[in-house]
Amino acid sequence: MGAYGGLIFAFIGFVFLHGWSFYSAQAAVHYYDFVLEEKNFTKLCSTKSILTVNGSFPGPEIRVHKGDTVFVTVHNHGTYGVTIHWHGVKQPRNPWSDGPENITQCPIPPNTSFTQEIIFSDEEGTLWWHAHSDWTRATVHGAIIIFPKPGDTYPYPKPAAEQTLVLGEWYKGDVMAIIEEAIATGGDPNLSDAFTINGQPGDLYDCSNTTTFRMLVDYGKTYLLRVINAVMNEEIFFGIANHTLRVVGTDGAYLKPINVEYIMITPGQTMDILVKANKPRSHYYMMGSPFADTNAPFDNTLTTAIFQYRGKYTPPSSPYVPSLPVYNNKSAAGNFTALLRSLASKKHPVCVPLNITKRIFMTVSVNQIECANASCSGPDGNRLSASLTNISFVTPSIDILQAYYRHIENVYNNTFPDKPPYFFNFTGDVGNNTVYPSLGTKVNMIKYGSAVEIIWQGTNVGAAENHPMHLHGYSFYVVGMGDGNFDNKTSPSKYNLVDPPLVNTIGLPKNGWTVIRFVADNPGVWFMHCHLERHASWGMDTVLIVQNGHTKDQKIRRPPKYMPPCSMS
């Protein structure tokens, strides 16, 4: 149970499987129990067992106010080790509870428990939590709802009600077996068999129309949708037939409201959306379809839920259908992303660093690793791989945070470069440039307080596509984005330094570039990776270690008394 086990146990009869809270004048402290366990679910005409939290898919919601603290005791009743990550929560000075496996902790062994402390700071809106071990996040995930501080209000009219919509997917096969087979053979992992909305595939899949998720609404009222993309390997277009979506937030930060017919949301992203029920009373599809501008295989199916008006009327024979962009419409995806702007109000100011002291130019590629006698299942008999700056990340057996904090040698090295060893036409005819990456556990060291700019450059190596890039421990400003190769002279003229969106995950355009900025004021070991799970599994990852500052509040907190043991620690 960890350090808080006795306290939780005293209340176990009342609060088991539920959250409870202590409130003070300043902030609240909440306590949750997450029980990881296998449970049978029937979908797509067959029954299978999946790993869940508290027996539900998606898992339970965590609800807090801005600035609160949460203690979650994770009880692993599964058959293998698992970790939990609190996606988008900055965890100031507290990487010990961030969760990525063998980066900040080792897996929670079966039949043991681990209490994680989740420290909320300036986040406000919708985030989410998910497993961060291999492909377990396919079924182990849920929403984090962060309300304004008590007494504060939304920077928009209060909606009549709120609804969380988790975009996920369903695999008929065992997800852990799927990725294990892909890693063993070097080929592409099997595709998902359906996308889901709140765990339900929807009308268009076999054996699914009786379980389709329905959101009941009253004519004339406005609703807040908290949309989370928990899909493993595809970005998603989402819309509601005949209804305008007013996007007001993303990744736990507010936006200047924009009115759109659809959104493009990448794996890892969240969006807060207002929708007014102002159409004739009827049934309207809420629909998710894939965005995949790539030659790589993808799940090209549609998930639906029903936006259903209350009242007496004759429902249509089939709900109205939204008009969403076709799966490979790169312009539609880019045009939507370009609309996002921070609210930039007095109460929600923008603080973009202007005088950059640390600049990293990082290429993002899908690669190959040569196999003897062309014995693997990837292109040309090779093994599929992926890289950042042509380095395919190798996950160590001892977590990097422990190695850094305790000065354990030979776990990682701090040689991840600030720029590639040489430059070429990244988005053109790349030839054999960097098809084959180097392998290593390399991190980039950053001094506390640095004003950091990272230029992500997509490449045409391998199967080029949009990459949702995610950084743990920080939100960052997306100050620039464009197609083709980044140009030091001309590209900065496209920067938005006035009201760029503040996010934790952003799509890097296919054969394009994205520039982010943040101040390195959160010391710790922070994972950076593509949130397409197959790319992360192939090595499209690295680690940023932000060093301690000089004062106590600029240094990593001490570790908790108990951390899950590492196999070789």
Side-chain angles (χ1 to χ4, degrees), residues 2-3 74 76 80-86 90-110 112-119 131-134 183 358 360 387-389 391-418 437-450 452 471-474 520-529 536-537 539-569:
V74 181
N76 186 1
Y80 47 82
V82 179
T83 67
I84 305 290
H85 168 55
W86 319 97
K90 298 179 183 67
Q91 293 278 31
R93 302 174 46 235
N94 186 36
W96 304 103
S97 286
D98 189 48
E101 181 174 311
N102 289 13
I103 305 299
T104 62
Q105 71 172 80
C106 288
I108 304 166
T112 69
S113 301
F114 176 49
T115 298
Q116 293 176 256
E117 181 181 7
I118 302 102
I119 302 171
H132 215 302
S133 302
D134 295 315
I183 295 299
K358 171 79 168 181
I360 303 173
S387 68
L388 298 175
T389 310
I391 302 165
S392 187
F393 186 79
V394 176
T395 304
S397 56
I398 298 174
D399 67 90
I400 293 175
L401 174 58
Q402 180 186 171
Y404 172 66
Y405 190 83
R406 303 191 188 283
H407 307 288
I408 302 172
E409 296 183 351
N410 301 319
V411 175
Y412 68 91
N413 62 69
N414 59 356
T415 59
F416 191 97
D418 286 349
S438 63
L439 305 177
T441 309
K442 300 182 179 183
V443 310
N444 192 293
M445 306 295 292
I446 299 176
K447 293 181 179 179
Y448 181 90
S450 297
V452 181
L471 174 60
H472 292 221
Y474 288 88
D521 55 3
N522 188 13
V525 170
W526 304 113
F527 202 29
M528 174 188 287
H529 60 96
S537 298
M540 195 177 282
D541 327 277
T542 191
V543 170
L544 305 183
I545 296 183
V546 177
Q547 297 170 306
N548 285 335
H550 298 295
T551 63
K552 183 179 179 180
D553 63 357
Q554 297 175 349
K555 296 181 179 180
I556 298 176
R557 294 174 53 184
R558 291 183 177 181
K561 292 181 179 180
Y562 171 80
M563 291 290 292
C566 295
S567 59
M568 297 179 62
S569 61

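Two residues are said to be in side-chain contact when any heavy atoms from C-beta on lie closer than 4.5 Å; M528 and V543 fail this criterion. Side-chain contact between H85 and I103 is absent, with no heavy atoms from C-beta onward closer than 4.5 Å. Contact check for M445 versus Y404: side-chain heavy atoms found under the 4.5 Å cut-off.
With sequence neighbours left out, the side chain to side chain donor-acceptor pair (under 3.5 Å) criterion links T395 to no other residue. Checked against salt bridge (charged side-chain N to carboxylate O under 4.0 Å, His left out), K442 has no partners two or more places apart in sequence or in another chain. In this view, A131 and V82, I84, T136, R137, V140 satisfy the side chain to side chain contact (heavy atoms under 4.5 Å, CB included) rule, not counting sequence neighbours. Applying the side chain to side chain contact (heavy atoms under 4.5 Å, CB included) test to N444 and every residue at least two apart in sequence or in another chain returns K358, I360, F416, D418, I446, L544. Qualifying ring pair (Phe, Tyr, Trp, His ring centres under 6.0 Å) partners for Y405, counting only residues two or more places apart in sequence or in other chains: W96. Taking the side chain to side chain contact (heavy atoms under 4.5 Å, CB included) definition, one finds that K447 meets it with S450, Q547, sequence neighbours left out. Partners of T112 by side chain to side chain donor-acceptor pair (under 3.5 Å), not counting sequence neighbours: none found. Residues passing the side chain to side chain contact (heavy atoms under 4.5 Å, CB included) test with Q105, sequence neighbours excluded: T83, I108, F114, Q116, M563, P564. Partners of T389 by side chain to side chain donor-acceptor pair (under 3.5 Å), not counting sequence neighbours: none found. Listed by chain and residue number, nothing satisfies the salt bridge (charged side-chain N to carboxylate O under 4.0 Å, His left out) test with R93 (two or more places apart in sequence, or in another chain).
For the pair G81 and P110, the tightest heavy-atom approach, listed with the atom from each and the gap, is N-CD, 4.0 Å. Here the closest heavy-atom approach between residue N522 and residue V546 is recorded as O-CB, 3.6 Å. Across D521 and Y474, no two heavy atoms sit closer than the pair N-OH, 3.4 Å.
Each of Q91, K90, H472, H132 was compared with D98 under the side chain to side chain donor-acceptor pair (under 3.5 Å) criterion, and only H472 meets it. Just one residue in the list I391, I400, T415, V411 forms a side chain to side chain contact (heavy atoms under 4.5 Å, CB included) with T441, and that residue is I400.
Put simply, the side chain of N548 never gets that close to the backbone of P523: no donor and acceptor are under 3.5 Å apart.
Applying the salt bridge (charged side-chain N to carboxylate O under 4.0 Å, His left out) definition to pairs two or more places apart or across chains, none involves residues 540-554. Listed by first and then second residue, the salt bridge (charged side-chain N to carboxylate O under 4.0 Å, His left out) pairs that reach into residues 396-415 come to none, sequence neighbours excluded.
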